[in-house]
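Worksheet: the structure to be examined is printed underneath.
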2 protein chains.
Amino acid sequence: MIDPADLAHLKEIPFFQRMSDSELRKVSALARARSLEADEFFYLQGDPAEMLFLLKAGRVKLIQNSADGQQILLRMIGPWSLFAVVALVEGAVYPVSAQAVEPSLALYWTKNALMELVREIPGLALNAMQMMSERVQEYQDRLRELATERVERRLARALLRLGSQAGKRVPEGILIDLPLSRQDLAEMTGTTLFTVSRILSQWEAQNIILTGREKVIIRFPHGLVRIAEDLP
Amino acid sequence: MIDPADLAHLKEIPFFQRMSDSELRKVSALARARSLEADEFFYLQGDPAEMLFLLKAGRVKLIQNSADGQQILLRMIGPWSLFAVVALVEGAVYPVSAQAVEPSLALYWTKNALMELVREIPGLALNAMQMMSERVQEYQDRLRELATERVERRLARALLRLGSQAGKRVPEGILIDLPLSRQDLAEMTGTTLFTVSRILSQWEAQNIILTGREKVIIRFPHGLVRIAEDLP
DNA sequence: CGCTACGTTGACGTCCCTCAATTTCGGTGG
DNA sequence: CCACCGAAATTGAGGGACGTCAACGTAGCG
């Protein structure tokens, strides 16, 4: 289910680090593939966590909803990123929903496959732990940000992060290469689309960025860094 | 280093779940103990993560600092809770600081001991993963809260949580049994001590709570639930 | 070419932060 | 035991950041 060219990619991923070739073959043998159209969901928040995914192509949003319909956008997943690591945990349910924002293709492993892999590959659980601990740290940082910093800084940081994850060099600067509405940015930074719109307009006037419909191009990253770091 | 009475406690802790008695003995054999006065630190944010702790007595604050001196209070640890699970991860540093708020006693395992345990007890890494995934979920929830809810709701929720974790029945209601300043509550909920003070005064006037210096007693939990759930 | 979703901008309100003045509480030492 | 000190807490005034709502552009798509 994984073609040989993919094996090289697998080796780059922290989750599959320090595995022998035979272990990697085992891993690929148990993988399945699933492809989704834009706007379809890999899974919904609250579903039993039965599959672990590795995105091969496309983009995926991880969204969390509250009981009263509020939602936030926790992260954007790009190619060769793993998501739904929670599937490794006994009896867990997905704590977020995963929605494709473009036509997407993902490899996945079912619960059974994962249990087999964990049993046979001793380092796997440790690698998973490492990923989770990075996630914990990231969320701790973002909690502090959200609790103590104002919208401008959070938005600047979000754009820089997106730029480094999904940035693409274009003549005008660095294009954030995914469909990204003002609403999306608002849900990522804990504000409203109006505030995002105002701030982006202001930054555009200062020539820090270039905006368009569901599009942001960073012209002077350093301008954003200055705002993110709260410098003069 | 662990007396037999403690073994019974260990079995209750998710991290040590599904272990044989011989494995548990192994675990206890490798434990060491450390006791701290109030205000001392078990470790500081940024230190290499070399020990995993299990609090036996006392209270510990987990604090995160930003470069510019802002800080938030991520969680309060009570007896028989594990903290610094990140020590299981290769090369990690502590992402938060752990400060005793009372005289405290903790068992700990060093990196070496942990590596030995992980090698010999296959389920350990999975248990750790489970703890971490719970932590990830908790932080995701709190991110959404912080991003979408106003201070009153967050504060009500924080008090309810503290009440269920560290609540002690007293004649007047449920006492949150730890020294808890307005500043602490502010750092837990992402606001200022002034706002906390105002809200608590207001709730006291409505007879929902009783406050004192570094003390909160919940008289009518349902009043807080109403606020936390945003009911009429 | 018109529909729809996305985006912009203004006016207005409010939640909450900031700062200052004052009070209360608890511990300490005379 | 009381006086005193410092830390914690309260309260008020004022302002600013940001949310809310409405009206109006605008781009993409059928």
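To find a chain, count down the sequence lines: A is the first, B the second, and so on, and within it residues start at 1. Being a predicted model, the structure only gives us computed values, none of them experimental. The basis for the numbers below is simple: all heavy atoms, side chains too, and nothing from hydrogens, waters or symmetry mates.
When distances are taken from the side chain of B:Val151 to each of D:dC18, D:dA9, C:dC16, the shortest belongs to C:dC16. Taking only side-chain atoms of B:Phe194, from C-beta outward, the nucleotide of D:dT10, C:dT8, C:dC17 with the closest atom is D:dT10. Nearest nucleotide to the A:Thr191 side chain, out of C:dC16, C:dT8, D:dC18: D:dC18.
OP1 or OP2 of C:dA5 has not a single side-chain nitrogen or oxygen of A:Arg213 nearer than 4.0 Å. For A:Ser197, a side-chain nitrogen or oxygen approaches OP1 or OP2 of C:dT8 to under 4.0 Å. Between B:Thr195 and C:dC16 there is no side-chain N or O to OP1 or OP2 distance below 4.0 Å. For B:Ser201, a side-chain nitrogen or oxygen approaches OP1 or OP2 of D:dT11 to under 4.0 Å. Proximity of B:Ser181 to the phosphate of D:dA8: no side-chain N or O atom is located under 4.0 Å from OP1 or OP2. Put simply, A:Thr192 has no side-chain N or O that comes within less than 4.0 Å of OP1 or OP2 on D:dC18.
Rounded to whole angstrom, the span from the CD atom of B:Gln202 across to the C1' atom of D:dG12 amounts to 16 Å. Distance, B:Glu152 CD to C:dC17 P: 12 Å, rounded to whole Å. If you measure from atom CG of A:Leu193 to atom C1' of D:dC18, you get 13 Å, rounded to the nearest angstrom. Per the geometry, NZ belonging to B:Lys215 stands 12 Å off P belonging to D:dA9, to the nearest Å. Atom CG of B:Leu178 and atom P of D:dA8 are 15 Å apart (whole Å). Taking atom CD1 on A:Ile209 and atom P on C:dT8, their separation rounds to 9 Å, with Å as the unit. Rounded to whole Å, atom C1' of D:dA9 lies 16 Å from atom CD of B:Glu187. Between B:Glu214 atom CD and D:dA9 atom C1' the separation is 10 Å, expressed in whole Å.
Remark: A:Arg32 is not positioned above the aromatic ring of A:Tyr108, lacking an NZ or CZ atom under 6.0 angstrom from the ring centre and at most 45 degrees off the axis.
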Self-check item: salt bridge (Lys or Arg N to Asp or Glu O under 4.0 Å) evaluation trace for B:Arg157 with B:Glu145
Solution: CA-CA 10 Å; B:Arg157 231 195 283 278; B:Glu145 267 185 44; 3.0 Å; yes

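A donor atom on one side chain and an acceptor atom on the other are found under 3.5 Å apart for B:Gln202 and B:Glu152.
Across all their heavy atoms, B:Pro221 and B:Ile174 have their closest contact at CG-CD1, 4.1 Å.
Along DNA chain C, the nucleotide closest to A:Thr211 and the one closest to B:Glu149 are compared, and the more 5′ of them pairs with A:Thr211. Place B:Arg150 and A:Leu180 on DNA chain C by their nearest nucleotides, and A:Leu180 ends up nearer the 5' end.
Salt bridge annotation for A:Asp141-A:Arg154: absent, with no cationic side-chain nitrogen under 4.0 angstrom from a carboxylate oxygen.
Contact annotation: side chain of B:Arg198 to base of D:dG12, donor-acceptor pair present below 3.5 Å.
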